[in-house]
Amino acid sequence: MPPTSPSPDPSPGPDAPEPEHRTPNRRTVLTAAAVGAAAVGAAAAPALLGLAAPASAAPARDTTRDAKDLPGGGDLGPNVIVFDPSTAGIQAKLDEIFAQQESAQFGEGRYALLFKPGSYSGLNAQLGFYTSIAGLGLSPDDTTINGDVTVDAGWFDGNATQNFWRSAENLALVPVSGTNRWAVSQAAPFRRMHVRGGLNLAPDGYGWASGGYIADSRIDGEVGPYSQQQWYTRDSAVGGWQNAVWNMVFSGVEGAPGQSFPDPPYTTLETTPVSREKPFLYLDGEEYRVFLPEKRTDARGVSWGNGTPRGTSLPLSQFYVAKPSDAASTLNQALEQGLHLLLTPGVYRLDQPVKVERAGSVVLGLGYATLIPEGGAAAVEVADVDGVRLAGFLIDAGPDNSETLLEVGPEGASADHAADPITVQDVFVRIGGAGPGKATTSIVVNSRHTIIDHTWVWRADHGDGVGWETNRADYGVVVNGDDVLATGLFVEHFNKYDVQWFGERGRTIFFQNEKAYDAPNQAAIQNGSVKGFAAYRVGDEVTAHEGWGLGSYCFYNVDPTIVQHHGFAAPDHAGVTFHDLLVVSLGGKGQYERVINDIGSPTSGDTTTPSTVVSYP
């Protein structure tokens, strides 16, 4: 997991790299850079009180439903816990869930903690794994916690690099000390939040931390990343930003530091070209609804704060409220019937893909609802239609190899979705870790104008079912569609290419990557005559592509003598451009010869000093 780019590939021949593929515990290493930064920082009516134990086995599937009797709306289930200001024992309940989830990195517990509009005092909501906290107002300021929403790393001896799979959304915080602590790494979004104070992104003691994501949030005070190695902030407002380690990227952020990469390594875009915020659940009186924010172009600052936010709203009665016991056929019946899907917390085992075929369909997960395909199936397949929104769930590969886990648009998709794009937001993919899992390619994007807004696609480097062939996964993300935009792209540890981009006019704002730690030797990663597969490769025929703020790190701990030629590979076309690239060797476990194609200085030694390229070509 994290922390964790280009000249044309060699001509075809006996030693040529693999042809284009168009498939339809560095975390325990302390970097010198992080230490230095730390030194700087140092000078329906769901159940309210019943905490359900996580399922220890797959729930019995309900296969009795048919399309005629699938209702919309209904109870949100035992693992959605709803509070209002008059609820007794809120802190005790928060503590109970945290005690269960604090170190349950690969457990099956899943929880959504929802707060009705109003004011709450004296709370410290500590968030463990698979725990989401959110307000139920239309604006973050509708729900104020006079207290903290805390992520720290005491469970891992002060190391925050494994603080994954948790989120905070749609709340206002008044931190007790004046500064809220949010020490996370991947797959831990901080969205639509108002912090009336500062935000500390490092664990207590300023230990290691490995990057994260803020969007549509206002932090009145200063953000202190301290030991965070990289971070992406989009369409927000900050009162200041304290420091940078390797790769801090901002787009559309009021108060962001100016462009200065590589010293300090700030990559700053005044606006985000296209964005559409994630759907969210809220209360209209006593009725649950889902708000769908509208698309913004050249966005800057938060989308809320001046009256009713712009967008549309759907009643919960238009959603099938899914439970983990539901079969894939039931979910598909609901979609065919014209309902959207609200996935309540839990683990869903699917013997066929969830097929999203109707324009405007919403699939929204709560509490890190997790989809596990069985028998080599895909988890989700989206038709080439306008306006589909996928948000807030985890896809966990099954033990039988899936060719693809998430397919956005069928092969050959060509419809124009510029006016109403498909969005994929906080949809995370894991291969291995909770047990053996395999997939040839995790995400394939064929539909034009798709927006990938924050994803972490991870071939596990620790946990159960982990090994070079045990959790084999050759490719992370493959983009075939034109005009695709990625904002916050985290892809790590794949056996071959982590990202391959074949569509025209693609754009990526922030990319964070680690090459697979566990390559057994140089031969295992050899790509024809090229040493290693690039982390991010643009196809040879692409004539227009642009990226800002991209980093790739290596930590070949099985064979530290491995050499990776470059982190990034791209054709030599005038329309293919990159800004602010870096590669890093973590502790000297493997080295890069170049940054992009044959450009950039090699890494060397064990000082974890980045090699950078400010502009390509």
Side-chain angles (χ1 to χ4, degrees), residues 46 48-49 51 80-99 101-102 111-128 131-154 163 166-184 188-204 212 214-224 236-240 242 255 280-286 291 302-307 309 367:
L48 295 183
L49 295 177
L51 176 59
V80 175
I81 300 164
V82 180
F83 304 101
D84 65 43
S86 66
T87 302
I90 297 177
Q91 186 64 54
K93 180 56 57 181
L94 297 174
D95 292 345
E96 182 183 353
I97 296 170
F98 178 65
Q101 298 301 116
E102 180 183 13
Y111 294 97
L113 312 176
L114 305 182
F115 285 75
K116 293 183 179 181
S119 182
Y120 302 77
S121 296
L123 298 182
N124 181 18
Q126 299 182 81
L127 300 188
T131 305
S132 297
I133 189 170
L136 286 170
L138 259 183
S139 165
D141 289 327
D142 293 341
T143 310
T144 299
I145 292 179
N146 294 285
D148 295 82
V149 172
T150 302
V151 178
D152 206 344
N163 281 352
R166 62 200 76 196
S167 65
E169 300 183 50
N170 204 29
L171 291 165
L173 304 178
V174 184
V176 170
S177 70
T179 299
N180 189 77
R181 185 182 302 279
W182 185 256
V184 299
F190 196 82
R191 285 186 181 268
R192 200 177 177 81
M193 296 287 288
H194 185 186
V195 181
R196 298 175 192 163
L199 188 64
N200 183 343
L201 303 178
D204 186 30
I214 293 170
D216 202 25
S217 293
R218 182 178 297 278
I219 293 91
D220 293 346
E222 188 174 62
V223 178
S236 293
V238 299
Q242 183 157 337
F280 61 92
L281 189 69
Y282 74 102
L283 276 172
D284 181 8
E286 295 301 314
F291 193 80
V302 300
S303 70
W304 48 270
N306 295 312

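Rounding to the nearest 0.5 angstrom, the gap separating the CG atom in N170 from the OG atom in S139 is 7.0 Å. Of the inter-residue distances, the one linking N124 atom CG with D95 atom CG reads 8.0 Å to the nearest 0.5 angstrom. Taking CG from L281 and OG from S132, the interatomic distance works out to 12.0 Å, rounded to the nearest 0.5 Å. Rounded to the nearest 0.5 Å, atoms CG (L171) and CE (M193) are 4.5 Å apart. Distance check, rounded to the nearest 0.5 Å: CZ of R191 to OG of S167 gives 9.5 Å. Summarising the geometry, atom CG belonging to D284 is positioned 12.0 Å from atom CG belonging to L136; distances are rounded to the nearest 0.5 Å.
Formation of a donor-acceptor pair under 3.5 Å by the D141 side chain with backbone atoms of G305 is not found in this model.
V149 and A168 get closest at one heavy-atom pair: CG1-CB, 4.3 Å. Contact detail for V302 and D216: the closest heavy-atom pair is CA-OD1, 3.2 Å. In plain terms, the two heavy atoms of G122 and Q91 that are nearest each other are O-OE1, 3.7 Å. Across all non-hydrogen atoms, the minimal contact from A125 to I133 is CB-CD1, 3.7 Å. Heavy-atom minimum distance, P117 versus T143: CA-OG1, 3.4 Å. Taking each heavy atom of P140 and R192 in turn, the nearest pair found is CG-O, 3.1 Å.
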| said: side-chain hydrogen bond (donor to acceptor under 3.5 Å, both in side chains) for S217 and S236? Distances and angles first, verdict last. | reply: CA-CA 5 Å; S217 293; S236 293; 4.8 Å; no

| said: Run L114 and Y282 through side chain to side chain contact (heavy atoms under 4.5 Å, CB included) and show every step you take. | reply: CA-CA 9 Å; L114 305 182; Y282 74 102; over 6 Å; no

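For the pair R181/D204, a side-chain contact is recorded, criterion being any heavy-atom separation below 4.5 Å from C-beta on. The closest side-chain heavy-atom distance from F190 to L199 is below 4.5 Å. Between F115 and I81 there is no side-chain heavy-atom pair separated by less than 4.5 Å. Between H194 and W304 there is a side-chain heavy-atom pair separated by less than 4.5 Å. In this structure, L127 and W182 have side chains that are in contact, with non-hydrogen atoms separated by less than 4.5 Å. Contact check for Q126 versus D152: no side-chain heavy atoms found under the 4.5 Å cut-off.
For the side chain to side chain contact (heavy atoms under 4.5 Å, CB included) test with I90, the passing option among L123, I145, L113 is L123; the others fail.
Between D220 and R196 there is no salt bridge, since none of the side-chain N atoms of the basic residue sits less than 4.0 Å from a carboxylate O of the acidic one.
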